[in-house]
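Reading through the structure tokens given below for one structure.
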Amino acid sequence: MKHVGLNVAADPLMTLAYTGTVGGLVAVVADDPGMHSSQNEQDTRHFARFGKVPMLEPSDSREAKEMVVLGLEISEEFQTPVILRSSTRVSHSRSLVTLSSRAVLPPAGVRKEPGAVCLGPAVRPRNACSPGGAARQAVEAANRSPANRIERRGRKLGIVTSGIAYQYVREVFPEASVLKLGWVYPFPNALIREFAAAVDEILIVEELDDILEQHVLALGIPCQGKNVVPRIGELSPDVLLASRAQLDGKTIPAEARTASTTEIGDLPGRPPVLCAGCPHRGIYHAAEQCNVVVTGDIGCYNPERCLP
């Protein structure tokens, strides 16, 4: 689903975090920084913290494929739903992947325990996050997971990043050491502290909200982030080049400080359209003929951008 689809699925997600899951459950959610085809650009990482469920964030097609398997393994080990956060650029790109054989596992079956899955005032959730419980185990696993890694280069600057932003960081800051987070929640605190101790200055590069930056600051680690990296819109190498210039004390144009969502080069603007064969095409066409006001849409594109 897209990020706005998780809003609709939030009710069962929050409850599943308490009841736990029997088989593996991974919700693949694609955020849309820049609102290319969405009603907003909310950050799904808030849902991971809100629901106290693990979250993975791939930076390319290969990781997206491999993290589905990792997510299922995490879900089954800790009996919890897992969110895999994609983004516009990851979901709309292609790269080489390595195929592997399909793993055949015995069916998990159905757990017919009303007292464990039907929560209410009289039923104490068995999987409530508490010190020493599944949440702490997940933190320890995140610190050890190969999905999180330190790439040591220079000591002067260390960058903590995740998702597609990692690709931009490698391009714009080739000399910087990088802490790449693939298992982004729960936060791997021990790994963050280890990385911070090995560099002189820390920059947090994350798309949309300053979730990771605020957590690093809460750990007592000084860092920079949204003072130089935009909190609105989609990141890109050009946007980070402006951030780098600001870090170096150079004057940059005001428009360069904001993530751009304009078309590339001189290509004409192409607003999104409904998919070929979509039954809503006829509905919107009829609504236009009747001269009515459409105040909502089916969730994939805004009507006013689809009607002629």
Side-chain angles (χ1 to χ4, degrees), residues 1-3 5-30 44-45 47-86 90-91 94-120 122-149 162-163 180-188 191:
M1 65 195 81
K2 291 200 324 189
H3 58 292
L6 188 57
N7 295 341
V8 182
D11 190 3
L13 174 68
M14 297 300 164
T15 303
L16 280 171
Y18 283 88
T19 64
T21 58
V22 178
L25 174 60
V26 175
V28 181
V29 183
T44 298
R45 292 178 296 167
F47 268 107
R49 293 197 304 176
F50 191 20
K52 302 181 180 66
V53 298
M55 170 175 278
L56 305 174
E57 187 171 3
S59 64
D60 57 26
S61 305
R62 178 185 60 81
E63 288 187 351
K65 171 184 173 295
E66 294 175 352
M67 284 185 179
V68 171
V69 177
L70 175 60
L72 289 169
E73 293 173 349
I74 295 171
S75 177
E76 294 183 2
E77 179 179 357
F78 300 107
Q79 298 183 8
T80 178
V82 172
I83 299 175
L84 191 153
R85 183 200 187 206
S86 182
V90 172
S91 294
R94 298 180 182 181
S95 58
L96 296 176
V97 302
T98 301
L99 300 179
S100 57
S101 59
R102 182 183 180 92
V104 180
L105 303 176
V110 178
R111 187 177 65 200
K112 297 182 179 180
E113 302 174 33
V117 297
C118 299
L119 299 184
V123 180
R124 177 178 176 81
R126 66 164 186 85
N127 200 29
C129 293
S130 59
R136 171 170 290 184
Q137 296 174 21
V139 170
E140 295 171 354
N143 282 313
R144 301 189 307 267
S145 174
N148 298 325
R149 68 174 184 264
S162 64
K180 179 189 180 300
L181 299 182
W183 187 337
V184 296
Y185 188 84
F187 303 105
L191 196 61

A10 versus F47, closest heavy-atom pair with distance: CB-CE2, 3.6 Å
Inter-residue atom distance T98.OG1 - E66.CD, 0.5 Å rounding: 7.0 Å
Exam field: side chain T44 to backbone H3, donor-acceptor pair closer than 3.5 Å: no
Heavy-atom closest contact (V82 atom, G71 atom, distance): CG2-O, 3.6 Å
M1 vs V29, side chain to side chain contact (heavy atoms under 4.5 Å, CB included): CA-CA, chis, key distance, verdict: CA-CA 5 Å; M1 65 195 81; V29 183; 4.0 Å; yes
side-chain contact (heavy atoms from CB on, under 4.5 Å) partner of L56, chosen from I74, V68, V28, V184: I74
Inter-residue atom distance E57.CD - N148.CG, 0.5 Å rounding: 11.0 Å
S145 side, atom OG; L191 side, atom CG - distance, nearest 0.5 Å: 9.5 Å
Minimum heavy-atom distance between S75 and G23, given as atom pair plus value: OG-O, 3.9 Å
Full working for side chain to side chain contact (heavy atoms under 4.5 Å, CB included) between Y185 and R49: CA-CA 7 Å; Y185 188 84; R49 293 197 304 176; 3.4 Å; yes
Minimum heavy-atom distance between A17 and V53, given as atom pair plus value: CB-CG1, 3.7 Å
Rounded distance [0.5 Å steps], CE in M55 versus CZ in R45: 8.0 Å
Sole candidate of L105, T21, V22 that passes side-chain contact (heavy atoms from CB on, under 4.5 Å) when paired with E76: L105
Closest non-hydrogen atom pair, G182 against M67: CA-CE, 3.7 Å
From CD (Q79) to CG (L16), nearest 0.5 Å: 12.0 Å
CA sep, side-chain torsions, deciding dist, call: K65, L99, side chain to side chain contact (heavy atoms under 4.5 Å, CB included): CA-CA 9 Å; K65 171 184 173 295; L99 300 179; 4.1 Å; yes
Heavy-atom closest contact (L181 atom, P188 atom, distance): CD2-CG, 3.7 Å
